[in-house]
Asks: 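Following this message is one structure expressed as structure tokens.
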Amino acid sequence: MGANPKMAELVSLLGETSRAAILTSLMDGRFHTASELALEAGITPQTASFHLAKMTAGMLVTAEKHGRYRYYKLAGQEIAQILETLLTISKPAEIRSLRQSIQMRALCEARTCYDHLAGKLGVRLTQSLMDNKYIEKGQEEFTVTPVGERFFTEFGLDLPALRKQRRSFSRICLDWSERQHHLAGTLGHAIVSRLFEMKWIERAASGRAVIVTEQGRAGLERDFGISDI
């Protein structure tokens with residue numbers, strides 16, 4: 001018997017279409033009700049609750065009960081990383097409607113990947129940080145340079161506090177739509193949180209897509225040289 005026979009159970013949880021759709025929806029890093037996830041997956045709330053119970057038992061998803069409702073979220077950034085890798089090696093989704101086409105374009109432009117920025121904007125922002133010598137690319141993580149330390153501090157980030165967190169600081173993440181790397185880890189999370197805080201980006205009405213505001217376009221061009229997002 002192999003070292004980890006439970007792997008088959010994990011693969012079976014990921015291999016069902018509705019569960020895969022639910023997990024992809026949860027990659028925005030937020031809590032959702034079964035009804036919300038059912039709508040995204042195109043199934044009934046009862047069916048969604050059945051799948052969510054299995055994924056909670058399989059430790060892919062966590063649940064919290066508040067009042068009458070139960071809210072679900074990915075169990076952690078490690079699960080999101082696995083899902084992002086699977087999306088990278090999977091065939092592109094078949095587009096069957098104008099609505100799907102619009103949603104896919106929005107996701108490819110800018111989205112959250114669990115707790116950091118992805119899509120064209122995430123890749124462009126990471127490239128700008130490298131071009132300006134704020135970060136340097138290693139094998140698995142980016143390294144913040146001395147000039148980068150000053151830049152991020154002036155941008156409003158507390159790097160010493162971020163480094164104390166018990167997770168990767170500046171992980172290199174492969175973007176499934178751009179097929180290039182973007183910045184993840186606690187630094188990636190801090191950057192996207194700061195962009196939301198400054199109202200440079202805002203969440204779309206539904207899904208993982210984010211929208212760059214007019215204020216954000218001006219700020220991205222001024223601070224990062226990004227002018228065509």
Asks: In Å, rounded to the nearest 0.5 Å, how long is the span from OG1 of T33 to OH of Y71?
Replies: 7.0 Å
Asks: What heavy-atom pair brings A204 and I211 nearest, and what distance separates the two atoms?
Replies: CA-CD1, 4.0 Å
Asks: Using modelled atom types and a 3.5 Å cut-off, is there a donor and acceptor pairing between side-chain atoms of R208 and backbone atoms of R111?
Replies: no
Asks: Atom NE2 in H182, atom CG in L129: separation rounded to 0.5 Å?
Replies: 13.0 Å
Asks: Would a hydrophobic clustering, with Ile, Leu, Val, Met, Phe, Trp and Tyr connected at side-chain separations under 4.5 Å, put L174 with I79?
Replies: no
Asks: Should D115 and R30 count as an ion pair when the cut-off is N to O under 4.0 Å?
Replies: no
Asks: For the side chain of H51 and the backbone of A48, is there at least one donor-acceptor N/O pair under 3.5 Å apart?
Replies: no
Asks: Using modelled atom types only, decide if a donor and an acceptor are shared between the side chain of E178 and the backbone of Q180 within a distance under 3.5 Å.
Replies: no
Asks: Can you tell me if T213 uses its side chain to pair, donor with acceptor, with the backbone of K199 under 3.5 Å?
Replies: yes
Asks: Are F50 and T44 packed together at the side-chain level, in the sense that at least one heavy-atom pair is separated by less than 4.5 angstrom?
Replies: no
Asks: Say you draw a straight line from CG of L195 to OG1 of T112; how long is it, rounded to the nearest 0.5 Å?
Replies: 12.0 Å
Asks: Could you tell me whether the side chain of V61 reaches within less than 4.5 Å of the side chain of L23, counting heavy atoms only?
Replies: yes
Asks: Less than 4.0 angstrom from a charged side-chain N to a carboxylate O is my criterion; do E149 and R163 meet it?
Replies: yes
Asks: Please determine whether residues V123 and M104 belong to a single hydrophobic cluster, defined as Ile, Leu, Val, Met, Phe, Trp and Tyr linked transitively by side-chain heavy-atom distances below 4.5 Å.
Replies: no
Asks: What closest approach, in Å, do A41 and A21 show between heavy atoms, and which atom pair accounts for it?
Replies: CB-CB, 3.9 Å
Asks: Would a single hydrophobic cluster contain both L86 and L60, if residues Ile, Leu, Val, Met, Phe, Trp and Tyr are joined by side-chain heavy-atom contacts under 4.5 Å?
Replies: yes
Asks: What do the steps show when you test V192 against I201 for side-chain contact (heavy atoms from CB on, under 4.5 Å), and what is the final call?
Replies: CA-CA 9 Å; V192 76; I201 58 175; 3.8 Å; yes
Asks: For W200 and L220, which heavy atoms make the closest approach, and how far apart are they?
Replies: CZ3-N, 3.8 Å
Asks: Are L83 and L26 close enough that some pair of their side-chain heavy atoms sits under 4.5 Å apart?
Replies: no
Asks: Kindly give the heavy-atom pair with the smallest separation between A75 and T62, and that separation in Å.
Replies: CA-CG2, 3.7 Å
Asks: Rounded to the nearest 0.5 Å, what separation is found between the CD atom of E141 and the CD1 atom of I135?
Replies: 11.0 Å
Asks: From K120 NZ over to L107 CG, what is the distance, rounded to the nearest 0.5 angstrom?
Replies: 14.5 Å
Asks: Would you say that V144 contacts F151 through its side chain, given a criterion of any heavy-atom pair below 4.5 Å between the two side chains?
Replies: no
Asks: Under 3.5 Å, side chain of Q215 to main-chain N/O of M198, donor-acceptor pair present?
Replies: yes
Asks: For T145 and E136, which I'm curious about, is there any donor-acceptor pair between the side chains at under 3.5 Å?
Replies: no
Asks: Is the distance between the ring centroids of Y134 and F155 under 6.0 Å?
Replies: no
Asks: Whether R124 and D131 form a salt bridge (side-chain N of Lys/Arg under 4.0 Å from carboxylate O of Asp/Glu) is what I want to check.
Replies: no
Asks: Is any side-chain heavy atom of M130 closer than 4.5 Å to one of F142?
Replies: yes
Asks: Measuring only between side-chain heavy atoms, which start at C-beta, is E84 closer than 4.5 Å to C173?
Replies: yes
Asks: Could you give me the CA-CA distance, side-chain angles and deciding distance for R194 and L157, then say whether side-chain contact (heavy atoms from CB on, under 4.5 Å) is met?
Replies: CA-CA 8 Å; R194 182 65 174 143; L157 306 187; 4.1 Å; yes
Asks: Hey, could you give me the CG/CE distance between L37 and M55, rounded to the nearest 0.5 Å?
Replies: 7.5 Å
Asks: Counting C-beta onward and ignoring hydrogens, is there a side-chain heavy-atom pair between Q77 and R171 closer than 4.5 Å?
Replies: yes
Asks: Mark yes when over 12 heavy atoms from residues, nucleotides or ligands other than K54 sit less than 6.0 Å from its NZ; otherwise mark no.
Replies: no
Asks: Pair F152, I191 - check side-chain contact (heavy atoms from CB on, under 4.5 Å), show working.
Replies: CA-CA 9 Å; F152 288 123; I191 290 173; 3.9 Å; yes
Asks: Is it the case that more than 12 heavy atoms not belonging to E140 sit under 6.0 Å from its CD atom?
Replies: no
Asks: Between S128 (side chain) and F224 (backbone), is there a donor-acceptor pair under 3.5 Å?
Replies: yes
Asks: Using side-chain heavy atoms (C-beta onward) and a distance below 4.5 Å, is L125 in contact with I226?
Replies: yes
Asks: For T126 and G122, work out which heavy atoms get closest and say how close.
Replies: OG1-O, 2.9 Å
Asks: Does L13 share a hydrophobic cluster with Y114, counting links as ILVMFWY side-chain heavy atoms below 4.5 Å and allowing steps through other members?
Replies: yes
Asks: Taking all heavy atoms of G119 and all of D175, pick out the closest pair and write down the distance.
Replies: N-OD2, 2.6 Å
Asks: Please check if L187 and V147 belong to a single hydrophobic cluster, counting links between Ile, Leu, Val, Met, Phe, Trp and Tyr side chain heavy atoms closer than 4.5 Å.
Replies: yes
Asks: Would you kindly say whether H181 and K137 are connected by a side-chain donor-acceptor distance under 3.5 Å?
Replies: yes
